[in-house]
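Here's the structure we're looking at; comments come further down.
None of these values were measured; they are calculated from a predicted model. Below, each value reflects all heavy atoms present in this structure, side chains not excepted, and no hydrogens, waters or symmetry copies.
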Amino acid sequence: MTQKKHIEKKALFDVQKIRKDFPILLRTMNGKPLIYFDNGATTQKPNQVIDAIVKYYTGQNANIHRGVHRLSQDVTVEYENARVTIQKHIGAKHEHEIIFTRGTTESINFVATAFGKKFVNAGDEIIVSEMEHHSNILPWQQLCEEKNAVLKVIPITDSGELLIDEYKKLLSEKTKLVAIVHVSNTLGTVNPVKDIVSIAHAKNIPVLVDGAQSIPHLKVDMQDLDADFYCFSGHKMYAPTGVGILYGKEAWLKKLPNYQVGGGTIKTVSFDKTEYEGSPLRFEAGTPNIEGGIGLAVALDYINAFGLENIAAYEHELLTYATEKLSAIEDLRIIGTAKEKASVISFVVDGIHPLDIGMLLDAQGIAVRTGHHCTQPLVAHYQIPGTVRASFSFYNTKEEIDVFVNAMMKSIQRIRK
Ligand code: PLP
């Protein structure tokens, strides 16, 4: 990068200016300025996304893919353009590899149901890891119960990294699919998914990647990762709730049976026989979250204007800063110390329940997540009731971390008194 380009990128990334795009960050909570450190649960929305939704309902609302009238046709074009924006963002080969869903959870359920129906039989095995979100455990657990198949689990180290040698040992001719999280929502660990995929592919085993926590922070490229399925949610990357994506390689989508059927999925219907559309329409039954899909593309344009590399670098600075400051607090233990981490920091304080800390922080205007973070098997590994989790976005600041660390110290003192 030339010196000039570097300066231009830096100049683009003005956190105080970015914060002005997020109206909610101006509000107070319990009489204090809101400090929002629960971005792993959901991110706040910039004006650009909010405006797109208002614009949709005030001037564009119509159903898609079915109207001859202009309103319907225009919004169909906008929705399909959103699909192309998403395709380009993740480097998918074809736009029909991008399927709109309600979010990561639905995307995973989709694959577990459709893939499971056709490809999983009694005695087969599915591999997940110990650090999965419940959304990437339960659909597979349920499938295994239904099909008399077996769920195998890749163990982790205490620092929160996958034991890759153990993973290799689990793979066998019985393995039908590997389902793995890209970035852990509880530990922040960035898993080596590219290696995990290539190890599975060497044995012709497909891999689904849960990208719920990676998409807002990392640049992902489907050609480079080579994952067979990749899932993510709009609301964790500055887009509206209720919309998400299932990316599936064309070759797999062609082989999958229908997930849900209904309006929008067919070419012709009669009581004798129904002829279905190809992907993606075959997989998108019923009226979708139209404004959500459009909002998702607007959110991607928004973050791409800053550059995901710049966002990742800044968020890493926040993570390093917070890790240093929190580590200095007596009796505080960070859970998840992997070498590669995204901007998530989980911790416990000896003798204090995470919930008590969460409540005292809330009283000081600071929103963090407490509990098991939908990863109960993972917190069981650490033999803890849960953690306090601060997860940062590129609109957060070091000053907010200072306030948070002071509030932590005050809270601990108050509980210990
Ligand atoms: N996977 C991971 C790693 C997550 O962090 C989450 C949500 O926190 C999910 C899956 C489920 O996402 P959603 O609730 O948007 O479907």
Side-chain angles (χ1 to χ4, degrees), residues 22 24 36 38-46 48-50 52-53 79 82-83 85-87 89-90 92 97-113 128 131-140 179-186 188 190-191 193 208-220 222 225 227 229-248 259-260 280 283-284 288-304 308 311 315 342-344 369 373-375 389 391-395:
F22 292 82
I24 203 168
Y36 187 77
D38 196 15
N39 296 288
T42 198
T43 53
Q44 300 303 344
K45 318 304 171 201
Q48 289 77 349
V49 170
I50 298 167
I53 295 168
Y79 191 70
R83 196 188 303 275
T85 301
I86 296 153
Q87 175 210 343
H89 183 78
I90 64 167
E97 293 178 318
I98 305 297
I99 297 163
F100 282 110
T101 63
R102 281 195 299 122
T104 310
T105 303
E106 189 179 41
S107 300
I108 298 171
N109 273 279
F110 179 136
V111 179
T113 305
V128 296
M131 69 170 81
E132 298 309 314
H133 188 279
H134 296 164
S135 288
N136 199 29
I137 299 175
L138 306 186
W140 307 112
I180 192 83
V181 70
H182 196 163
V183 172
S184 159
N185 61 310
T186 301
V190 181
N191 284 320
V193 281
L208 172 143
V209 178
D210 170 352
Q213 298 289 343
S214 43
I215 281 283
H217 307 290
L218 308 174
K219 184 81 188 129
V220 294
M222 290 307 116
L225 277 189
F229 301 103
Y230 199 93
C231 312
F232 57 95
S233 302
H235 71 97
K236 293 186 194 289
M237 41 146 291
Y238 314 100
T241 54
V243 68
I245 296 298
L246 169 64
Y247 157 82
Y259 168 53
Q260 294 180 337
F283 297 120
E284 294 179 346
N289 180 346
I290 303 168
E291 78 283 15
I294 293 170
L296 206 161
V298 173
L300 282 179
D301 286 343
Y302 179 77
I303 53 179
N304 283 332
L308 264 171
I311 289 176
E315 288 176 347
S343 53
V344 172
R369 185 69 173 260
H373 318 298
C374 296
T375 54
R389 180 188 75 183
S391 47
F392 308 119
S393 156
F394 69 127
Y395 47 59

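Distance check, rounded to the nearest 0.5 Å: CG of Leu246 to CG of Asn109 gives 11.0 Å. With rounding to the nearest 0.5 Å, the separation of CD in Glu106 from OG1 in Thr113 is 9.5 Å. Atom-to-atom distance recorded for Ile86:CD1 and Ile99:CD1 is 12.0 Å, nearest 0.5 angstrom. The NZ atom of Lys45 lies 9.0 Å from the CD1 atom of Ile50; values are rounded to the nearest 0.5 Å. To the nearest 0.5 angstrom, Gln87 atom CD is 9.5 Å from Thr85 atom OG1. Distance check, rounded to the nearest 0.5 Å: CD1 of Ile98 to CE of Met222 gives 8.0 Å.
In this structure, the side chains of His182 and Leu218 come closer than 4.5 Å at one or more pairs of heavy atoms. In this structure, Ile90 and Ile215 have side chains that are in contact, with non-hydrogen atoms separated by less than 4.5 Å. Annotation: side chain of Leu308 is in contact with side chain of His89 (closest heavy-atom distance under 4.5 Å). Ile245 places none of its side-chain heavy atoms less than 4.5 Å from the side chain of Thr101. Counting heavy atoms from C-beta on, the side chains of Trp140 and Val111 come closer than 4.5 Å. By the 4.5 Å heavy-atom criterion applied to side chains, Pro240 and Val49 are counted as neighbours. Within the 4.5 Å cutoff, the side chain of Arg102 has no heavy atoms near those of the Asn289 side chain. With contacts defined as side-chain heavy-atom distances shorter than 4.5 Å, the pair Leu225/Val193 qualifies.
Annotation for Gly293 and Ala82: closest pair O-CB, 3.4 Å, computed over non-hydrogen atoms. For Ala342 against Val183, the heavy-atom pair with the smallest separation is CB-CG1, 3.7 Å. Across all non-hydrogen atoms, the minimal contact from Cys231 to Leu208 is SG-CD1, 3.9 Å. Across every non-hydrogen atom of Met131 and Ser184, the tightest pair is SD-CB, 3.7 Å. Nearest heavy atom pair, residue Gly211 against residue Phe232, reads O-CB, 3.8 Å. The two atoms that bring Arg389 and Ala41 nearest to each other are NH2-N, 3.3 Å, heavy atoms only.
Checked against ring pair (Phe, Tyr, Trp, His ring centres under 6.0 Å), Phe283 has the following partners two or more places apart in sequence or in another chain: Phe110. Every residue two or more places apart in sequence or in another chain that forms a salt bridge (Lys or Arg N to Asp or Glu O under 4.0 Å) with Arg83 is listed here: Glu80, Glu284. In this structure Thr375 satisfies the side chain to side chain donor-acceptor pair (under 3.5 Å) test together with Thr186, sequence neighbours excluded.
Side-chain contact annotation: His217 with Glu315, donor-acceptor N/O pair under 3.5 Å present. With hydrogens and angles left out, the side-chain atoms of Tyr230 and Ser214 include a donor and acceptor closer than 3.5 Å. In the model, Ser233 has a side-chain atom that pairs as donor or acceptor with a side-chain atom of Thr104 under 3.5 Å. Side-chain contact check for Asn39 and Tyr395: at least one donor-acceptor pair (N or O, by modelled atom type) lies under 3.5 Å.
A side-chain donor-acceptor contact under 3.5 Å links Tyr36 to the backbone of Asp38. A donor-acceptor pair is defined here as one N or O able to donate and one able to accept, closer than 3.5 Å; no such pair exists between the side chain of Asp210 and the backbone of Ile180. Using modelled atom types, no side-chain atom of Lys236 and backbone atom of Thr43 make a donor-acceptor pair closer than 3.5 Å.
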Q. Which is it for Leu300 and Leu296 under the side chain to side chain contact (heavy atoms under 4.5 Å, CB included) test, yes or no, and what are the steps along the way?
A. CA-CA 6 Å; Leu300 282 179; Leu296 206 161; 4.1 Å; yes
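With ring centers used as reference points, Tyr79 lies under 6.0 Å from Phe100. In this structure, Phe394 has its ring center closer than 6.0 angstrom to the ring center of Tyr238.
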